[in-house]
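Numbered from 1 within each chain, the chains take letters A, B, ... in sequence-line order.
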Amino acid sequence: MPAQTEARPVNHSSAKLQYDAPQPLCTERGRMHPSRALRYALTLLLLPLGNALAAQVQVAVASNFTAPMREIASRFERDTGHQARLAFGATGKFYAQIRNGAPFEVLLSADDTTPGRLEQEGAAIPGSRFTYAVGRLVLWSPTAGLVQDGPDLLRKGDFRHLAMANPKTAPYGAAALATLEHLGLDDTLRGRLVQGENIAQTHQFVASGNAQLGFIALSQVAKDGRITTGSGWVVPTDIHPAIRQEAVLLTRGQDNPAARALLDYLAQPQIRALIQSYGYGLE
Amino acid sequence: MALDSVALAAIWLTFKLASVTTLVLLLIGTPIAWWLARTTSRMKGPIGAVVALPLVLPPTVLGFYLLVAMGPNGFIGQFTQSLGLGTLPFTFAGLVVGSVFYSLPFVVQPLQNAFEAIGERPLEAAATLRAGPWDTFFSVVLPLARPGFITASILGFAHTVGEFGVVLMIGGNIPGQTRVVSVQIYDHVEAMEYAQAHWLAGGMLLFSFLVLLVLYGSRLKQGWRG
(Lines give C-alpha, C1' and ligand atoms only; values in the text may rest on other atoms or scores of the structure.)
Protein backbone atom coordinates (compact mmCIF):
# COMPACT_ATOMS: atom_id res chain seq x y z
CA MET A 1 0.00 0.00 0.00
CA PRO A 2 2.71 2.62 0.80
CA ALA A 3 3.98 2.25 -2.76
CA GLN A 4 0.54 3.21 -4.00
CA THR A 5 0.63 6.65 -2.48
CA GLU A 6 3.76 7.34 -4.54
CA ALA A 7 1.96 6.58 -7.80
CA ARG A 8 3.60 8.33 -10.74
CA PRO A 9 0.89 10.45 -12.38
CA VAL A 10 -0.13 11.98 -9.08
CA ASN A 11 3.41 12.84 -8.08
CA HIS A 12 4.14 14.34 -11.43
CA SER A 13 1.21 16.69 -11.45
CA SER A 14 1.44 17.72 -7.81
CA ALA A 15 5.16 18.45 -8.27
CA LYS A 16 4.23 20.61 -11.19
CA LEU A 17 1.72 22.46 -9.09
CA GLN A 18 4.35 23.09 -6.44
CA TYR A 19 6.86 24.25 -9.00
CA ASP A 20 4.35 26.72 -10.38
CA ALA A 21 3.33 27.89 -6.97
CA PRO A 22 5.15 31.27 -7.01
CA GLN A 23 2.86 32.34 -9.84
CA PRO A 24 -0.31 33.91 -8.51
CA LEU A 25 -2.96 31.24 -7.96
CA CYS A 26 -5.51 33.98 -7.67
CA THR A 27 -6.05 37.17 -9.59
CA GLU A 28 -6.06 40.45 -7.72
CA ARG A 29 -9.83 40.30 -7.48
CA GLY A 30 -9.57 37.11 -5.45
CA ARG A 31 -10.63 34.72 -8.21
CA MET A 32 -8.61 31.70 -9.20
CA HIS A 33 -6.86 32.17 -12.53
CA PRO A 34 -8.84 30.19 -15.12
CA SER A 35 -5.92 28.13 -16.49
CA ARG A 36 -4.69 27.33 -12.96
CA ALA A 37 -8.19 26.33 -11.99
CA LEU A 38 -8.41 24.00 -14.97
CA ARG A 39 -5.06 22.36 -14.19
CA TYR A 40 -6.05 22.00 -10.55
CA ALA A 41 -9.32 20.33 -11.54
CA LEU A 42 -7.55 17.95 -13.93
CA THR A 43 -5.06 16.97 -11.22
CA LEU A 44 -7.90 16.10 -8.88
CA LEU A 45 -9.61 14.09 -11.62
CA LEU A 46 -6.49 12.03 -12.27
CA LEU A 47 -5.80 11.22 -8.60
CA PRO A 48 -7.84 8.00 -8.43
CA LEU A 49 -5.95 6.51 -11.38
CA GLY A 50 -3.01 5.79 -9.12
CA ASN A 51 -5.02 3.25 -7.16
CA ALA A 52 -5.47 0.30 -9.53
CA LEU A 53 -4.35 -2.91 -7.83
CA ALA A 54 -3.21 -5.92 -9.83
CA ALA A 55 -5.05 -8.71 -7.98
CA GLN A 56 -8.40 -7.03 -8.17
CA VAL A 57 -11.30 -7.93 -10.39
CA GLN A 58 -14.12 -5.55 -11.28
CA VAL A 59 -17.38 -7.46 -11.35
CA ALA A 60 -20.75 -6.32 -12.65
CA VAL A 61 -23.41 -8.28 -10.76
CA ALA A 62 -27.13 -8.54 -11.52
CA SER A 63 -29.07 -7.07 -8.57
CA ASN A 64 -30.86 -10.32 -7.72
CA PHE A 65 -27.49 -11.93 -6.97
CA THR A 66 -26.43 -9.20 -4.50
CA ALA A 67 -26.72 -11.15 -1.24
CA PRO A 68 -25.00 -14.37 -2.38
CA MET A 69 -22.30 -12.47 -4.27
CA ARG A 70 -21.32 -10.46 -1.20
CA GLU A 71 -20.74 -13.70 0.67
CA ILE A 72 -18.97 -15.32 -2.28
CA ALA A 73 -16.68 -12.29 -2.68
CA SER A 74 -15.55 -12.39 0.92
CA ARG A 75 -14.88 -16.13 0.70
CA PHE A 76 -13.08 -15.60 -2.61
CA GLU A 77 -10.82 -13.04 -1.02
CA ARG A 78 -10.12 -15.34 1.92
CA ASP A 79 -9.44 -18.42 -0.25
CA THR A 80 -7.49 -16.87 -3.14
CA GLY A 81 -6.17 -13.52 -1.89
CA HIS A 82 -7.75 -11.82 -4.88
CA GLN A 83 -10.19 -9.04 -4.29
CA ALA A 84 -13.52 -8.83 -6.12
CA ARG A 85 -14.94 -5.31 -6.41
CA LEU A 86 -18.67 -5.56 -6.95
CA ALA A 87 -21.09 -3.28 -8.75
CA PHE A 88 -24.76 -4.19 -8.57
CA GLY A 89 -27.38 -3.19 -11.11
CA ALA A 90 -29.60 -4.09 -14.01
CA THR A 91 -28.10 -6.28 -16.71
CA GLY A 92 -29.27 -4.01 -19.55
CA LYS A 93 -27.53 -1.05 -17.97
CA PHE A 94 -24.32 -3.03 -17.55
CA TYR A 95 -24.55 -4.04 -21.19
CA ALA A 96 -24.67 -0.38 -22.27
CA GLN A 97 -21.81 0.51 -19.95
CA ILE A 98 -19.62 -2.41 -21.05
CA ARG A 99 -20.20 -1.60 -24.72
CA ASN A 100 -19.09 1.94 -23.94
CA GLY A 101 -15.87 1.09 -22.21
CA ALA A 102 -16.84 0.42 -18.57
CA PRO A 103 -13.91 -1.21 -16.77
CA PHE A 104 -15.77 -4.41 -15.81
CA GLU A 105 -13.86 -7.67 -16.19
CA VAL A 106 -16.56 -10.19 -15.28
CA LEU A 107 -20.32 -9.98 -15.78
CA LEU A 108 -22.74 -12.01 -13.70
CA SER A 109 -25.81 -11.49 -15.84
CA ALA A 110 -29.44 -11.97 -14.85
CA ASP A 111 -30.17 -13.65 -18.18
CA ASP A 112 -28.69 -15.97 -20.78
CA THR A 113 -28.86 -13.58 -23.75
CA THR A 114 -26.72 -10.59 -22.76
CA PRO A 115 -23.46 -12.57 -22.29
CA GLY A 116 -23.91 -14.22 -25.69
CA ARG A 117 -24.56 -10.86 -27.28
CA LEU A 118 -21.43 -9.37 -25.73
CA GLU A 119 -19.49 -12.39 -26.96
CA GLN A 120 -20.73 -11.88 -30.54
CA GLU A 121 -19.83 -8.21 -30.39
CA GLY A 122 -16.31 -8.94 -29.23
CA ALA A 123 -16.72 -7.54 -25.73
CA ALA A 124 -16.59 -10.96 -24.03
CA ILE A 125 -14.29 -13.96 -24.37
CA PRO A 126 -15.87 -16.78 -26.44
CA GLY A 127 -16.30 -20.05 -24.57
CA SER A 128 -16.03 -18.47 -21.13
CA ARG A 129 -19.72 -18.26 -20.30
CA PHE A 130 -21.69 -20.72 -18.21
CA THR A 131 -24.88 -20.81 -16.13
CA TYR A 132 -23.92 -20.01 -12.55
CA ALA A 133 -27.47 -19.99 -11.17
CA VAL A 134 -31.07 -20.54 -12.21
CA GLY A 135 -33.32 -17.89 -10.71
CA ARG A 136 -36.48 -18.71 -8.78
CA LEU A 137 -39.41 -16.32 -8.80
CA VAL A 138 -41.50 -15.76 -5.68
CA LEU A 139 -44.75 -13.87 -5.09
CA TRP A 140 -43.90 -12.19 -1.81
CA SER A 141 -45.43 -9.97 0.85
CA PRO A 142 -43.75 -8.60 3.98
CA THR A 143 -46.90 -9.57 5.90
CA ALA A 144 -46.52 -12.99 7.50
CA GLY A 145 -49.21 -15.47 6.49
CA LEU A 146 -50.70 -13.29 3.73
CA VAL A 147 -49.43 -15.32 0.81
CA GLN A 148 -50.68 -18.90 1.24
CA ASP A 149 -52.20 -19.83 -2.11
CA GLY A 150 -50.55 -17.45 -4.60
CA PRO A 151 -52.84 -17.93 -7.63
CA ASP A 152 -55.92 -17.65 -5.42
CA LEU A 153 -54.65 -14.42 -3.84
CA LEU A 154 -53.96 -12.94 -7.29
CA ARG A 155 -57.42 -13.93 -8.54
CA LYS A 156 -59.16 -12.36 -5.53
CA GLY A 157 -57.26 -9.16 -6.31
CA ASP A 158 -57.58 -7.75 -2.80
CA PHE A 159 -54.62 -5.38 -3.19
CA ARG A 160 -53.94 -1.98 -4.73
CA HIS A 161 -50.51 -2.47 -6.23
CA LEU A 162 -48.65 -5.53 -7.44
CA ALA A 163 -44.95 -4.90 -8.02
CA MET A 164 -42.76 -6.61 -10.57
CA ALA A 165 -39.53 -5.83 -12.36
CA ASN A 166 -39.80 -4.24 -15.80
CA PRO A 167 -40.59 -7.23 -18.08
CA LYS A 168 -38.90 -5.53 -21.01
CA THR A 169 -35.56 -5.23 -19.33
CA ALA A 170 -35.42 -7.68 -16.41
CA PRO A 171 -35.69 -11.50 -16.75
CA TYR A 172 -37.53 -11.71 -13.42
CA GLY A 173 -40.04 -9.21 -14.78
CA ALA A 174 -40.51 -11.27 -17.93
CA ALA A 175 -41.02 -14.37 -15.78
CA ALA A 176 -43.55 -12.50 -13.61
CA LEU A 177 -45.51 -11.41 -16.67
CA ALA A 178 -45.41 -14.95 -18.07
CA THR A 179 -46.81 -16.19 -14.74
CA LEU A 180 -49.70 -13.71 -14.89
CA GLU A 181 -50.35 -14.69 -18.50
CA HIS A 182 -50.35 -18.36 -17.53
CA LEU A 183 -52.94 -17.61 -14.83
CA GLY A 184 -54.93 -15.51 -17.33
CA LEU A 185 -54.65 -12.47 -15.06
CA ASP A 186 -52.40 -10.16 -17.07
CA ASP A 187 -55.32 -8.11 -18.44
CA THR A 188 -57.29 -7.89 -15.19
CA LEU A 189 -54.28 -6.79 -13.15
CA ARG A 190 -52.67 -4.48 -15.71
CA GLY A 191 -53.89 -1.29 -14.01
CA ARG A 192 -52.39 -2.35 -10.70
CA LEU A 193 -48.91 -3.30 -11.86
CA VAL A 194 -46.04 -1.13 -10.75
CA GLN A 195 -42.61 -1.75 -12.21
CA GLY A 196 -39.24 -1.54 -10.56
CA GLU A 197 -36.31 -0.81 -12.83
CA ASN A 198 -34.62 -3.88 -11.45
CA ILE A 199 -35.43 -6.62 -8.97
CA ALA A 200 -33.82 -4.75 -6.05
CA GLN A 201 -36.12 -1.77 -6.50
CA THR A 202 -39.09 -4.09 -6.90
CA HIS A 203 -38.26 -5.63 -3.54
CA GLN A 204 -38.01 -2.13 -2.06
CA PHE A 205 -41.50 -1.24 -3.35
CA VAL A 206 -42.94 -4.26 -1.54
CA ALA A 207 -40.77 -4.15 1.58
CA SER A 208 -41.71 -0.50 2.18
CA GLY A 209 -45.40 -1.48 2.03
CA ASN A 210 -46.16 0.75 -0.95
CA ALA A 211 -47.08 -2.33 -2.96
CA GLN A 212 -48.83 -5.05 -1.00
CA LEU A 213 -47.43 -7.85 -3.12
CA GLY A 214 -44.63 -8.34 -5.58
CA PHE A 215 -42.87 -10.83 -7.81
CA ILE A 216 -39.26 -10.82 -6.67
CA ALA A 217 -36.28 -13.17 -6.61
CA LEU A 218 -36.43 -15.92 -4.02
CA SER A 219 -32.78 -15.12 -3.24
CA GLN A 220 -33.84 -11.73 -1.86
CA VAL A 221 -35.96 -13.17 0.93
CA ALA A 222 -34.65 -16.71 1.41
CA LYS A 223 -31.71 -18.20 3.26
CA ASP A 224 -30.93 -21.91 3.45
CA GLY A 225 -33.85 -22.65 1.17
CA ARG A 226 -36.50 -21.03 3.39
CA ILE A 227 -38.27 -17.69 3.21
CA THR A 228 -36.98 -15.75 6.21
CA THR A 229 -39.39 -12.80 6.40
CA GLY A 230 -43.01 -12.26 5.39
CA SER A 231 -44.77 -14.86 3.30
CA GLY A 232 -44.43 -16.04 -0.27
CA TRP A 233 -45.46 -18.39 -3.02
CA VAL A 234 -42.54 -19.86 -4.94
CA VAL A 235 -43.72 -19.85 -8.54
CA PRO A 236 -43.37 -23.31 -10.16
CA THR A 237 -40.64 -23.22 -12.81
CA ASP A 238 -42.83 -24.83 -15.46
CA ILE A 239 -45.14 -21.83 -15.85
CA HIS A 240 -42.53 -19.26 -16.79
CA PRO A 241 -39.41 -19.37 -18.98
CA ALA A 242 -36.34 -20.49 -17.04
CA ILE A 243 -34.27 -17.63 -15.59
CA ARG A 244 -30.86 -18.93 -16.60
CA GLN A 245 -28.20 -16.58 -15.28
CA GLU A 246 -24.91 -16.66 -17.11
CA ALA A 247 -21.47 -15.48 -16.06
CA VAL A 248 -18.96 -14.37 -18.67
CA LEU A 249 -15.36 -13.19 -18.84
CA LEU A 250 -15.21 -9.78 -20.47
CA THR A 251 -12.45 -8.73 -22.85
CA ARG A 252 -11.05 -6.32 -20.28
CA GLY A 253 -10.51 -9.20 -17.86
CA GLN A 254 -8.75 -11.39 -20.40
CA ASP A 255 -5.31 -11.01 -18.85
CA ASN A 256 -6.38 -10.61 -15.25
CA PRO A 257 -5.73 -13.84 -13.30
CA ALA A 258 -8.21 -12.70 -10.64
CA ALA A 259 -11.01 -12.56 -13.23
CA ARG A 260 -10.47 -16.14 -14.40
CA ALA A 261 -10.01 -17.27 -10.80
CA LEU A 262 -13.39 -15.81 -9.88
CA LEU A 263 -15.17 -17.62 -12.71
CA ASP A 264 -13.50 -20.91 -11.70
CA TYR A 265 -14.42 -20.22 -8.11
CA LEU A 266 -18.11 -19.80 -8.98
CA ALA A 267 -18.15 -23.33 -10.41
CA GLN A 268 -16.66 -24.98 -7.29
CA PRO A 269 -18.93 -27.45 -5.46
CA GLN A 270 -18.97 -25.57 -2.12
CA ILE A 271 -19.87 -22.29 -3.87
CA ARG A 272 -22.57 -24.01 -5.92
CA ALA A 273 -24.02 -25.31 -2.66
CA LEU A 274 -23.91 -21.79 -1.25
CA ILE A 275 -25.71 -20.41 -4.32
CA GLN A 276 -28.35 -23.12 -3.91
CA SER A 277 -28.86 -22.21 -0.25
CA TYR A 278 -29.92 -18.73 -1.39
CA GLY A 279 -32.82 -20.24 -3.29
CA TYR A 280 -31.35 -20.68 -6.74
CA GLY A 281 -31.49 -23.76 -8.94
CA LEU A 282 -28.41 -25.12 -10.68
CA GLU A 283 -27.71 -26.72 -14.03
CA MET B 1 -38.36 6.18 -37.32
CA ALA B 2 -40.15 8.88 -35.35
CA LEU B 3 -41.81 9.12 -31.96
CA ASP B 4 -44.40 6.41 -31.31
CA SER B 5 -47.52 6.66 -29.17
CA VAL B 6 -45.69 5.43 -26.08
CA ALA B 7 -43.13 8.21 -26.45
CA LEU B 8 -45.83 10.81 -27.07
CA ALA B 9 -47.67 9.69 -23.93
CA ALA B 10 -44.46 10.11 -21.94
CA ILE B 11 -43.86 13.57 -23.39
CA TRP B 12 -47.43 14.68 -22.66
CA LEU B 13 -47.18 13.34 -19.10
CA THR B 14 -43.88 15.13 -18.55
CA PHE B 15 -45.30 18.47 -19.65
CA LYS B 16 -48.39 17.94 -17.53
CA LEU B 17 -46.26 17.13 -14.50
CA ALA B 18 -43.96 20.12 -15.07
CA SER B 19 -46.91 22.50 -15.55
CA VAL B 20 -48.81 21.39 -12.45
CA THR B 21 -45.61 21.38 -10.40
CA THR B 22 -44.68 24.90 -11.54
CA LEU B 23 -48.14 26.22 -10.66
CA VAL B 24 -48.04 24.63 -7.21
CA LEU B 25 -44.51 25.91 -6.69
CA LEU B 26 -45.45 29.49 -7.59
CA LEU B 27 -48.32 29.32 -5.13
CA ILE B 28 -46.30 28.00 -2.19
CA GLY B 29 -42.90 29.36 -3.25
CA THR B 30 -44.00 33.00 -3.36
CA PRO B 31 -44.91 33.31 0.34
CA ILE B 32 -41.80 31.35 1.35
CA ALA B 33 -39.58 33.58 -0.81
CA TRP B 34 -41.32 36.73 0.49
CA TRP B 35 -40.79 35.64 4.06
CA LEU B 36 -37.13 34.76 3.42
CA ALA B 37 -36.57 38.11 1.71
CA ARG B 38 -38.19 40.21 4.47
CA THR B 39 -37.70 38.41 7.74
CA THR B 40 -35.15 39.23 10.40
CA SER B 41 -36.05 36.05 12.26
CA ARG B 42 -33.34 33.71 13.45
CA MET B 43 -35.14 30.98 11.52
CA LYS B 44 -34.17 32.58 8.21
CA GLY B 45 -30.91 30.61 8.02
CA PRO B 46 -32.37 27.18 8.82
CA ILE B 47 -35.44 27.62 6.58
CA GLY B 48 -33.28 28.91 3.73
CA ALA B 49 -31.03 25.88 4.15
CA VAL B 50 -33.99 23.45 4.09
CA VAL B 51 -35.31 25.08 0.91
CA ALA B 52 -31.87 24.73 -0.72
CA LEU B 53 -31.41 21.08 0.32
CA PRO B 54 -32.62 19.58 -2.98
CA LEU B 55 -29.78 21.45 -4.72
CA VAL B 56 -27.21 19.28 -3.01
CA LEU B 57 -29.09 16.12 -2.01
CA PRO B 58 -28.89 13.20 -4.42
CA PRO B 59 -32.38 12.57 -5.85
CA THR B 60 -32.08 9.04 -4.49
CA VAL B 61 -32.06 10.41 -0.94
CA LEU B 62 -35.10 12.54 -1.63
CA GLY B 63 -36.84 9.70 -3.48
CA PHE B 64 -36.07 7.15 -0.80
CA TYR B 65 -37.36 9.33 2.04
CA LEU B 66 -40.44 10.27 0.02
CA LEU B 67 -41.12 6.58 -0.68
CA VAL B 68 -40.87 5.78 3.01
CA ALA B 69 -42.74 8.90 4.21
CA MET B 70 -45.55 8.53 1.68
CA GLY B 71 -45.81 4.76 2.26
CA PRO B 72 -48.50 3.21 4.44
CA ASN B 73 -46.34 3.53 7.57
CA GLY B 74 -44.88 6.97 6.86
CA PHE B 75 -46.30 10.19 8.27
CA ILE B 76 -47.42 11.56 4.90
CA GLY B 77 -48.92 8.17 4.05
CA GLN B 78 -50.83 8.03 7.34
CA PHE B 79 -52.14 11.52 6.69
CA THR B 80 -53.28 10.82 3.10
CA GLN B 81 -54.85 7.54 4.22
CA SER B 82 -56.79 9.30 6.98
CA LEU B 83 -58.14 11.63 4.28
CA GLY B 84 -59.26 8.57 2.33
CA LEU B 85 -56.80 9.27 -0.50
CA GLY B 86 -54.77 6.09 -0.09
CA THR B 87 -51.00 6.30 -0.46
CA LEU B 88 -49.22 8.56 -2.95
CA PRO B 89 -46.38 6.50 -4.47
CA PHE B 90 -47.08 5.22 -8.01
CA THR B 91 -49.63 8.01 -8.62
CA PHE B 92 -49.50 11.27 -10.57
CA ALA B 93 -50.27 13.20 -7.38
CA GLY B 94 -47.33 11.51 -5.70
CA LEU B 95 -45.05 12.64 -8.53
CA VAL B 96 -46.31 16.21 -8.13
CA VAL B 97 -45.48 16.12 -4.41
CA GLY B 98 -42.03 14.71 -5.14
CA SER B 99 -41.37 17.26 -7.91
CA VAL B 100 -42.45 20.16 -5.69
CA PHE B 101 -39.79 19.20 -3.14
CA TYR B 102 -37.26 18.52 -5.87
CA SER B 103 -37.69 21.84 -7.70
CA LEU B 104 -38.45 24.06 -4.68
CA PRO B 105 -35.11 25.96 -4.59
CA PHE B 106 -35.28 26.64 -8.32
CA VAL B 107 -38.45 28.66 -7.76
CA VAL B 108 -37.88 30.10 -4.28
CA GLN B 109 -34.37 31.41 -4.82
CA PRO B 110 -35.01 33.56 -7.93
CA LEU B 111 -38.15 34.94 -6.26
CA GLN B 112 -36.28 35.68 -3.05
CA ASN B 113 -33.54 37.49 -5.00
CA ALA B 114 -36.13 39.51 -6.89
CA PHE B 115 -37.96 40.47 -3.68
CA GLU B 116 -34.72 41.45 -1.98
CA ALA B 117 -33.73 43.59 -4.96
CA ILE B 118 -36.90 45.66 -4.60
CA GLY B 119 -35.73 46.97 -1.24
CA GLU B 120 -37.73 48.91 1.34
CA ARG B 121 -38.34 52.19 -0.47
CA PRO B 122 -41.12 51.22 -2.91
CA LEU B 123 -42.93 49.49 -0.04
CA GLU B 124 -42.60 52.56 2.18
CA ALA B 125 -43.80 54.76 -0.64
CA ALA B 126 -46.81 52.52 -1.13
CA ALA B 127 -47.52 52.61 2.59
CA THR B 128 -47.47 56.42 2.66
CA LEU B 129 -50.05 56.31 -0.14
CA ARG B 130 -52.17 54.15 2.19
CA ALA B 131 -51.91 51.00 0.14
CA GLY B 132 -52.81 47.89 2.14
CA PRO B 133 -50.40 44.93 2.23
CA TRP B 134 -52.27 42.97 -0.48
CA ASP B 135 -52.60 46.04 -2.67
CA THR B 136 -48.88 46.73 -2.25
CA PHE B 137 -48.05 43.17 -3.14
CA PHE B 138 -50.14 43.07 -6.31
CA SER B 139 -49.57 46.66 -7.49
CA VAL B 140 -45.93 47.19 -6.51
CA VAL B 141 -44.12 43.95 -5.71
CA LEU B 142 -45.49 41.74 -8.48
CA PRO B 143 -44.68 44.11 -11.37
CA LEU B 144 -41.22 44.88 -9.97
CA ALA B 145 -40.46 41.20 -9.39
CA ARG B 146 -41.72 40.09 -12.79
CA PRO B 147 -38.30 38.99 -14.12
CA GLY B 148 -37.91 36.91 -10.96
CA PHE B 149 -41.25 35.21 -11.56
CA ILE B 150 -40.33 34.48 -15.17
CA THR B 151 -36.97 33.00 -14.16
CA ALA B 152 -38.59 31.00 -11.36
CA SER B 153 -41.26 29.59 -13.67
CA ILE B 154 -38.81 28.63 -16.39
CA LEU B 155 -36.34 27.04 -13.99
CA GLY B 156 -39.06 25.23 -12.02
CA PHE B 157 -40.59 23.88 -15.21
CA ALA B 158 -37.31 22.88 -16.83
CA HIS B 159 -35.92 21.30 -13.69
CA THR B 160 -39.05 19.20 -13.30
CA VAL B 161 -38.82 18.10 -16.94
CA GLY B 162 -35.25 17.03 -16.16
CA GLU B 163 -36.24 15.09 -13.06
CA PHE B 164 -35.26 11.44 -13.03
CA GLY B 165 -34.07 9.95 -9.76
CA VAL B 166 -37.05 10.93 -7.66
CA VAL B 167 -39.54 9.69 -10.27
CA LEU B 168 -37.63 6.44 -10.60
CA MET B 169 -37.81 5.92 -6.85
CA ILE B 170 -41.50 6.71 -6.30
CA GLY B 171 -43.04 6.33 -9.77
CA GLY B 172 -43.35 2.62 -10.47
CA ASN B 173 -43.03 3.22 -14.23
CA ILE B 174 -46.77 3.21 -15.05
CA PRO B 175 -47.51 4.29 -18.64
CA GLY B 176 -49.55 7.52 -18.76
CA GLN B 177 -49.30 8.04 -15.01
CA THR B 178 -45.72 7.99 -13.85
CA ARG B 179 -43.60 7.06 -16.89
CA VAL B 180 -42.06 10.42 -17.78
CA VAL B 181 -39.62 11.04 -20.62
CA SER B 182 -36.45 10.63 -18.55
CA VAL B 183 -37.64 7.24 -17.27
CA GLN B 184 -38.72 6.24 -20.78
CA ILE B 185 -35.22 7.03 -22.06
CA TYR B 186 -33.70 4.96 -19.26
CA ASP B 187 -36.04 2.08 -20.19
CA HIS B 188 -35.01 2.25 -23.82
CA VAL B 189 -31.32 2.22 -22.90
CA GLU B 190 -31.79 -0.74 -20.59
CA ALA B 191 -33.78 -2.60 -23.23
CA MET B 192 -30.97 -1.80 -25.69
CA GLU B 193 -33.40 0.14 -27.92
CA TYR B 194 -30.84 2.79 -28.67
CA ALA B 195 -32.62 4.31 -31.69
CA GLN B 196 -35.70 5.21 -29.64
CA ALA B 197 -33.47 6.39 -26.80
CA HIS B 198 -31.67 8.72 -29.19
CA TRP B 199 -34.88 10.34 -30.43
CA LEU B 200 -36.09 11.17 -26.94
CA ALA B 201 -32.68 12.03 -25.52
CA GLY B 202 -31.88 14.31 -28.44
CA GLY B 203 -35.25 16.01 -28.02
CA MET B 204 -34.57 16.59 -24.32
CA LEU B 205 -31.14 18.04 -25.10
CA LEU B 206 -32.59 20.44 -27.65
CA PHE B 207 -35.46 21.44 -25.36
CA SER B 208 -33.17 22.10 -22.40
CA PHE B 209 -30.75 24.13 -24.50
CA LEU B 210 -33.54 26.26 -25.95
CA VAL B 211 -35.03 26.92 -22.51
CA LEU B 212 -31.69 28.05 -21.13
CA LEU B 213 -30.99 30.07 -24.25
CA VAL B 214 -34.26 31.97 -23.78
CA LEU B 215 -33.49 32.45 -20.10
CA TYR B 216 -29.89 33.62 -20.38
CA GLY B 217 -30.51 35.50 -23.63
CA SER B 218 -33.23 37.63 -22.03
CA ARG B 219 -31.14 38.15 -18.90
CA LEU B 220 -28.24 39.54 -20.88
CA LYS B 221 -30.54 41.94 -22.68
CA GLN B 222 -32.06 43.20 -19.48
CA GLY B 223 -28.81 43.25 -17.59
CA TRP B 224 -30.77 41.64 -14.80
CA ARG B 225 -29.29 39.05 -12.48
CA GLY B 226 -31.44 36.50 -10.67
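For the pair A:Thr229 and A:Trp140, the minimum side-chain heavy-atom distance is below 4.5 Å.
Remark: aromatic rings of A:Tyr132 and A:Tyr280 are distant, center separation not under 6.0 Å. A:Phe88 has its ring centre no less than 6.0 Å from the ring centre of A:Phe65.
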TODO: Before giving the answer on side-chain contact (heavy atoms from CB on, under 4.5 Å), spell out for A:Ile98 and A:Thr251 the whole-Å C-alpha distance, their side-chain angles and the decisive distance to 0.1 Å.
DONE: CA-CA 10 Å; A:Ile98 291 163; A:Thr251 317; over 6 Å; no
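For B:Gln177, no part lies under 4.5 angstrom from a heavy atom of chain A. Interface residue B:Met70: only backbone heavy atoms are found under 4.5 Å from chain A. For A:Arg99, no part lies under 4.5 angstrom from a heavy atom of chain B. If you measure heavy-atom distances from A:Gln201 to chain B, the contacts under 4.5 Å come from the side chain alone. If you measure heavy-atom distances from A:Asn166 to chain B, the contacts under 4.5 Å come from the side chain alone. Only the side chain of A:Thr114 comes within less than 4.5 Å of a heavy atom of chain B; its backbone N, CA, C and O stay farther away.
Contacts with chain A (heavy atom to heavy atom, under 4.5 Å) involve these residues of residues 49-68 of chain B, listed by number: B:Phe64, B:Leu67.
A:Leu177 CG to A:Leu185 CG: the interatomic distance, rounded to the nearest 0.5 Å, is 11.5 Å.
Donor-acceptor pairing under 3.5 Å is recorded for the side chains of B:Ser103 and B:Thr160. In summary, the side chains of A:Tyr95 and A:Glu121 do present a donor paired with an acceptor at a separation below 3.5 Å, with no hydrogens or angles considered. Judged by distance alone, the side chains of B:His188 and B:Gln184 do bring a donor and an acceptor atom under 3.5 Å apart.
Judged by the 6.0 Å and 45° rule, A:Arg192 forms a cation-pi pair with A:Phe159.
Between chain A and the options B:Val189, B:Asp187, B:Leu88, heavy-atom pairs under 4.5 Å are most frequent for B:Asp187. If you tally non-hydrogen atom pairs under 4.5 Å between each of A:Gln204, A:Glu197, A:Arg117, A:Lys168 and chain B, the highest count goes to A:Glu197.
Of the options A:Leu118, A:Asp111, A:Asp112, A:Thr113, a side chain to side chain contact (heavy atoms under 4.5 Å, CB included) to A:Pro115 is made by A:Asp111 and by none of the others.
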